[in-house]
Undergrad: 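Pasting in a structure now, in structure tokens, and then I'll have a few things to ask.
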Amino acid sequence: MNIINIEHIAKVYEVGLEKVHALRDVSLKIDKNEYVAIMGPSGSGKSTLMNMLGCLDTPTSGVYDFKGESVSTMTDNDLAKIRNKEIGFVFQTFNLLPRSDALHNVELPLVYAGMSYSDRREKAKQALIDVGLGDRMHHKPNELSGGQRQRVAVARALVTQPSIILADEPTGNLDSKTGEEIMGLFQELHEKGNTIILVTHEEYIAEHAARIIRLRDGLIEKDERVESRKVLNTNSASE
Amino acid sequence: MRNILFELKEGLLIALRAIRANKIRSALTMLGIFIGITVVVLMSTAIKGIDNSFQKGISALGTDVLYIDKWAWFTNQEWWKLRNRRNIDMEDYEKFKELAKLPLAVAPVTSSRQTIKYKDRRIDDVVLNGSNSDYVKTTNFTFDQGRFYSEIESNASRQVAVLGSDVAKNLFPRGDALDKTIKIGGANYKVVGVLDEQGSSILGSYNPDNQAFIPIGTIFKNFISHRRNSITINVRAQNPAMIEETKAEAIGVMRKIRGLKYDEEDDFTVNQQEALMEQYNSVVGVIKIAGLFITGLSLFVGAIGIMNIMFVSVRERTREIGIRKAIGAKKRTILAQFLLESSTICLVGGAVGLLAAVLLSMVVDQFIPTSVQIDAVVIAFVVALLTGVLSGFAPAYMAAKLDPVESLRYE
Ligand SMILES: Nc1ncnc2c1ncn2[C@@H]1O[C@H](COP(=O)(O)OP(=O)(O)OP(=O)(O)O)[C@@H](O)[C@H]1O
Ligand SMILES: [Mg+2]
């Protein structure tokens, strides 16, 4: 079954009198347990598309069905619920709450989901252990390295067991070695049955995915299967 | 319902985190509310204190007592008209006492300000009243020591005195006034009684504890010419409900005594404390409102401070709001978070302000009898909470409706 089905999506920003067509006409289906990389030059609309898929933003026109339900007709509250339960977001700039420790950052989605204190603590701890940060739970973001911050963000994204994980240039702010480590995490999650969509500029990062979608000027230029997927030895992260 | 409680609790925890994370800023904001609440509570308490002491002072005059006097307490007549009235003298009093049937008690009173001495102690400006033994029946006096002077002492114009509690305290700090000999204007008087405290009034001239009483014959003999001075006739009704009837009778009797024709105006006035009350309310009411308004302004300034800080806080935390929304916070969750933050700041500021007001009112109490009452406490908290919610609403609403994508992009 398709988790994501978008048809003829367009997003137009109006800046003064000018219209910026961030997305012109994009149609796309993504199945359960797919691993998709979105590539394209700067300004081609990758982030715009991700925000749309993540229900952070709504399209100017077009149809978006998430798990068979029409997103365009949803209220703000419904969208917030979907973001909370169905989607895990990982950002290039981590976007952690700077004054809260790792554990609180990870448990926050569960707070908004209405989970009781002891349950959510349990889950947040497990998620941090899963990303290899069992010994950094009470560190604040500024007491963690870039790679560790991104791990916290990944833990936060997966703690609600979402249907899909969206990552917008998750390795963009990391050196290549740390980037590889994060990619290892994604690969593990994919192997466990998660659906992953990530945006990247780097071919070698995209090669971890099974499918690459190339955008240009708000249009899909190419949508291809990856022939020789790069598979990492993931023992380093946890296990 | 459980959901709402859950959200409230979590929102409160988040608000507390934010307050703790910005200690100095939160403290400065609280200061605004703190000052506002302190001043408002103190002001309303002081007003209440003034009111109470006035009520006490005025009820010492008696709600059921009429004062027949040459002078009117409040009037729209020209003063010279009143001055030209005939004096009320002891003869008028004797006749009045005989003719008036309704009063419970009738007493003649005249007074003068005198200095009272005992050994090397002295007290100036005491209201020295001259009356007869019936005077005590026109009052609710109770005695700390001794008694009022008797009919015999009064009729014989003996050198005896009854002291108000302030007078006694000043002259006899050890409380042993009874049977001592004091000096008023050169002559000796024996203290036969000391009154209980009646509650000091801030209205200086009405302080019922700063008085002394001697027989009316004695006061005429030593201090006041009974030819040139008009006396007051104090008339006590049987109960407060009978006051109007008693007043009507008093006017009739007085007109008869003074031989007034039907078309002649009264040449006396029957005063009662109600008029004093009305006058007081109309003057002090304005002062009260002005006082509360001015102190209310300081609270208002505090509220604007909160609103300002909350706006800054929302702007500063735009990215945080974006993050929260991205991971599933609803509009109302964000709204609640910021409202709770401002309300908590206000409540804490209010509580500290209240504490300060209680402490300060103990200082003020030295000058005006005041104490912070439970209703002031409740009002302070309600006002603080309202301030928090009202001043926090606009910023919180702004935060709630921020666009998630834009706030995540905010630098
Ligand atoms: N809020 C906005 N207002 C106006 N124009 C916008 C806005 N957001 C994006 N755009 C425009 O839409 C286009 C697509 O932007 P988008 O952020 O999706 O690009 P991108 O592919 O993610 O680029 P990059 O690789 O640099 O992150 C750009 O031309 C951008 O200027
Ligand atoms: Mg981008």
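Every chain is numbered from 1 and lettered A, B, ... according to where its sequence line falls, protein lines coming before strand lines. Note that this is a predicted model, so its numbers are computed, not measured.
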Undergrad: If you define the side chain from C-beta out and look only at heavy atoms, does anything of A:Ile165 sit under 4.5 Å from A:Phe186?
TA: yes
Undergrad: Is there a side-chain contact between B:Leu12 and B:Leu8 in this structure, where contact means two heavy atoms from C-beta onward sitting under 4.5 Å apart?
TA: no
Undergrad: Given heavy-atom pairs under 4.5 angstrom as the criterion, report whether the side chain, backbone, both or neither of A:Met50 touches chain B.
TA: neither
Undergrad: Could you check whether any side-chain heavy atom of A:Ile38 comes within less than 4.5 Å of a side-chain heavy atom of A:Leu198, counting everything from C-beta outward?
TA: no
Undergrad: Does a side-chain heavy-atom distance below 4.5 Å link A:Leu166 with A:Val90?
TA: no
Undergrad: Counting only heavy atoms not in B:Phe300, do more than 12 fall under 6.0 Å of its CZ?
TA: no
Undergrad: Do A:Val36 and A:Ile213 touch side chain to side chain, with heavy atoms closer than 4.5 Å?
TA: yes
Undergrad: Of all the heavy-atom pairs spanning B:Ser391 and B:Ala303, show the shortest one and how long it is.
TA: CB-O, 3.3 Å
Undergrad: Of the options A:Ile30, A:Leu28, A:Val71, which is the one that meets A:Ile4 in a side-chain contact (heavy atoms from CB on, under 4.5 Å)?
TA: A:Ile30
Undergrad: Sort by residue number and list every residue of residues 345-362 of chain B having at least one heavy atom under 4.5 Å from chain A.
TA: none
Undergrad: Is any side-chain heavy atom of A:Val63 closer than 4.5 Å to a side-chain heavy atom of A:Ile6?
TA: no
Undergrad: Do A:Cys55 and A:Ile87 touch side chain to side chain, with heavy atoms closer than 4.5 Å?
TA: yes
Undergrad: Between B:Leu13, B:Ile14, B:Ile327, which shows the greatest number of heavy-atom pairs under 4.5 Å with chain A?
TA: B:Ile327
Undergrad: Tell me which donor-acceptor pairs, judged by distance alone and kept under 3.5 Å, run between chain B and chain A, one pair per line.
TA:
| unit_1 | atom_1 | unit_2 | atom_2 | d |
| --- | --- | --- | --- | --- |
| B:Glu10 | OE1 | A:Arg120 | NH2 | 3.2 |
| B:Glu10 | OE2 | A:Arg120 | NH1 | 2.9 |
| B:Glu10 | OE2 | A:Arg120 | NH2 | 3.2 |
| B:Arg17 | NH2 | A:His104 | ND1 | 3.1 |
| B:Arg319 | NE | A:Asn95 | OD1 | 3.1 |
| B:Arg319 | NH2 | A:Thr93 | OG1 | 2.9 |
| B:Arg319 | NH2 | A:Asn95 | OD1 | 2.9 |
| B:Arg324 | NH1 | A:Tyr112 | OH | 2.9 |
| B:Lys325 | O | A:Arg83 | NE | 2.8 |
| B:Lys325 | O | A:Arg83 | NH2 | 3.4 |
| B:Ile327 | O | A:Asn84 | ND2 | 2.8 |
| B:Lys331 | NZ | A:Asp76 | OD2 | 2.9 |

Undergrad: By a 4.5 Å heavy-atom criterion (distance strictly below it), what part of A:Leu79 contacts chain B: side chain, backbone, both, or neither?
TA: neither
Undergrad: Is there a side-chain contact between B:Leu292 and B:Ser44, using heavy atoms and a 4.5 Å cut-off?
TA: yes
